[in-house]
2 protein chains.
Amino acid sequence: MKLKNETRKDEIIKTAAKLFKEKGYSAVTMRDLATEMGMKAASLYNHINSKQQILKEIIISLAEEFTTGLQEIQKSNKSNIEKLRDIVKLHVNITSHNTYGMASLNNDWMHLEEKLEYYLQLRSNYEDEFRNIIQQGIKKEEIINENIEVMLFSILSTLRSLYLWIPKKEDLNTEELSQQLSEVLINGINKKID
Amino acid sequence: MKLKNETRKDEIIKTAAKLFKEKGYSAVTMRDLATEMGMKAASLYNHINSKQQILKEIIISLAEEFTTGLQEIQKSNKSNIEKLRDIVKLHVNITSHNTYGMASLNNDWMHLEEKLEYYLQLRSNYEDEFRNIIQQGIKKEEIINENIEVMLFSILSTLRSLYLWIPKKEDLNTEELSQQLSEVLINGINKKID
DNA sequence: GTCTATAGCTAGATAGAC
DNA sequence: GTCTATCTAGCTATAGAC
């Protein structure tokens with residue numbers, strides 16, 4: 001694990017993530033990746049051990065980023081609605097600086113081999129923490145007493161799909177987007193009488 | 001195109017959709033599909049012409065179902081908020097009777113060959129119609145004057161992700177789910193003072 | 001650190017017996 | 001309509017020259 005190699009290796013992983021987003025892990029060949037990197041497929045193996053390792057690094061680092069981000073949010077004394085706003089910010093921030101990787105996290109996790117179980121554990125824990133915030137919010141009468149699973153998956157689906165349309169916006173203002181998204185997800189789109 | 005073949009062919013397509021949902025189009029082999037069907041790969045070709053044809057039939061029929069469904073909704077004289085509720089129903093209904101196919105529609109459309117352009121056209125038109133309903137809703141002061149793209153993609157992302165968690169619910173009541181989902185998407189989760 | 005060459009395997013699809 | 005056998009092409013990964 002020489003430090004000198006990390007720069008080139010990171011470049012390969014970043015390029016791979018871009019291609020994985022376009023066609024999915026299984027449809028991208030090492031030759032595709034090599035061509036995009038301007039080299040031959042065999043040369044890739046001086047920097048990475050396998051195609052599987054690339055997928056693992058993309059997905060696990062992102063999954064851990066979400067886990068630590070949510071743990072940080074949970075430490076605060078904010079209201080549950082405020083915690084939800086922080087979760088929206090977390091997703092917008094991570095997605096905006098790694099749009100490509102988010103595609104693999106969402107669509108190619110099932111192709112993980114040794115790390116599959118670990119990933120599933122992280123994801124399951126994340127959903128449990130998220131669900132818990134909604135439950136506490138209902139108990140404290142900050143959140144309506146609707147079906148918890150419907151609220152959880154409605155919000156989470158939107159946040160998980162962010163990678164699909166964030167790149168379409170030019171000059172992205174993450175602070176503004178987070179604010180607008182929170183508004184829509186929390187308060188809805190229905191116009192009330194002022 | 002003998003009618004007698006259609007039953008077996010439909011069975012193959014349905015099984016393929018299930019496998020495509022689990023691993024994605026590219027990772028599913030004709031041998032996998034044959035095994036699941038209890039036959040040999042070569043035998044599949046008595047019913048279908050190619051793997052690509054299977055994907056095409058799964059995706060295009062669903063895309064057309066959404067297109068005609070939205071056209072039907074557009075014909076009515078309902079308010080724009082009511083039209084949105086109908087769109088939610090449309091997605092819940094189509095997804096609940098073809099959960100597997102929805103995975104391909106969402107994640108494997110880029111592997112379409114001859115029909116790719118047609119699919120992209122249908123999807124683009126669908127989004128335009130959807131956006132138009134929101135715009136009209138804002139104009140008629142039924143919907144808040146927030147960022148249209150944020151509202152559009154927030155709602156559409158949730159509806160497009162329905163296939164991921166609808167099967168987790170046992171004894172699904174589509175009418176009830178549509179109602180709950182509309183409530184959350186339109187009115188938000190924030191508790192207001194009664 | 002990149003290359004050529006290639007091993008070893010599996011993919012989609014076809015031919016033809018039954 | 002299903003089978004066995006097989007073709008051609010493409011895959012990941014390695015060996016070894018430079």
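Note on naming: letters A, B, ... go to the chains in the order of the sequence lines (proteins, then strands), and numbering restarts at 1 for each one.
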J.: Can you confirm whether B:Tyr100 is buried at OH, in the sense that more than 12 heavy atoms of other residues, nucleotides or ligands lie under 6.0 Å from that atom?
T.: no
J.: Tell me, with the steps shown, if B:Arg131 and B:Glu149 meet salt bridge (charged side-chain N to carboxylate O under 4.0 Å, His left out).
T.: CA-CA 8 Å; B:Arg131 186 181 289 106; B:Glu149 297 305 307; 2.7 Å; yes
J.: For C:dC3, does either OP1 or OP2 sit under 4.0 Å from a side-chain N or O belonging to A:Ser43?
T.: yes
J.: Just the rounded figure in Å: distance from C1' of D:dG1 to CD1 of B:Ile48.
T.: 14 Å
J.: B:Trp109 vs B:Tyr119 aromatic rings, parallel, tilted or perpendicular, using cut-offs 30° and 60°?
T.: parallel
J.: Can you measure A:Leu44 atom CG to C:dT4 atom P for me and round it to whole angstrom units?
T.: 14 Å
J.: In terms of side-chain geometry, is the basic nitrogen of A:Glu114 or A:Lys56 positioned less than 4.0 Å from the acidic oxygen of its partner?
T.: no
J.: In this structure, how many angstroms lie between the P atom of D:dG10 and the NZ atom of A:Lys23, rounded?
T.: 12 Å
J.: Of the options C:dG1, C:dC3, D:dC3, whose atoms approach the side-chain atoms of B:Lys40 most closely?
T.: D:dC3
J.: Salt-bridged, A:Glu72 to A:Lys75, with N to O below 4.0 Å?
T.: yes
J.: Just the rounded figure in Å: distance from C1' of C:dG1 to CE of A:Met39.
T.: 8 Å
J.: If we check side-chain contact (heavy atoms from CB on, under 4.5 Å) with B:Ile59, which of these qualifies: B:Leu116, B:Leu112, B:Ile54?
T.: B:Leu112
J.: Just the rounded figure in Å: distance from P of C:dA13 to CD of B:Gln52.
T.: 9 Å
J.: For nucleotides 10-12 of chain C, list the nitrogen or oxygen atoms of the protein found under 3.5 Å from its nitrogen or oxygen atoms, one pair per line.
T.:
residue : atom : partner : partner atom : Å
C:dG12  : OP1  : B:Val28 : O            : 3.4
C:dG12  : OP1  : B:Lys51 : NZ           : 3.1
C:dG12  : OP2  : B:Met30 : N            : 2.7
C:dG12  : N7   : B:Arg31 : NH1          : 3.1
C:dG12  : O6   : B:Arg31 : NH2          : 3.2

J.: Please report, rounded to the nearest Å, how far the C1' atom of D:dT12 is from the NE2 atom of A:His111.
T.: 15 Å
J.: Whole angstroms only, please: what is the CG-C1' distance between A:Asn49 and D:dT14?
T.: 13 Å
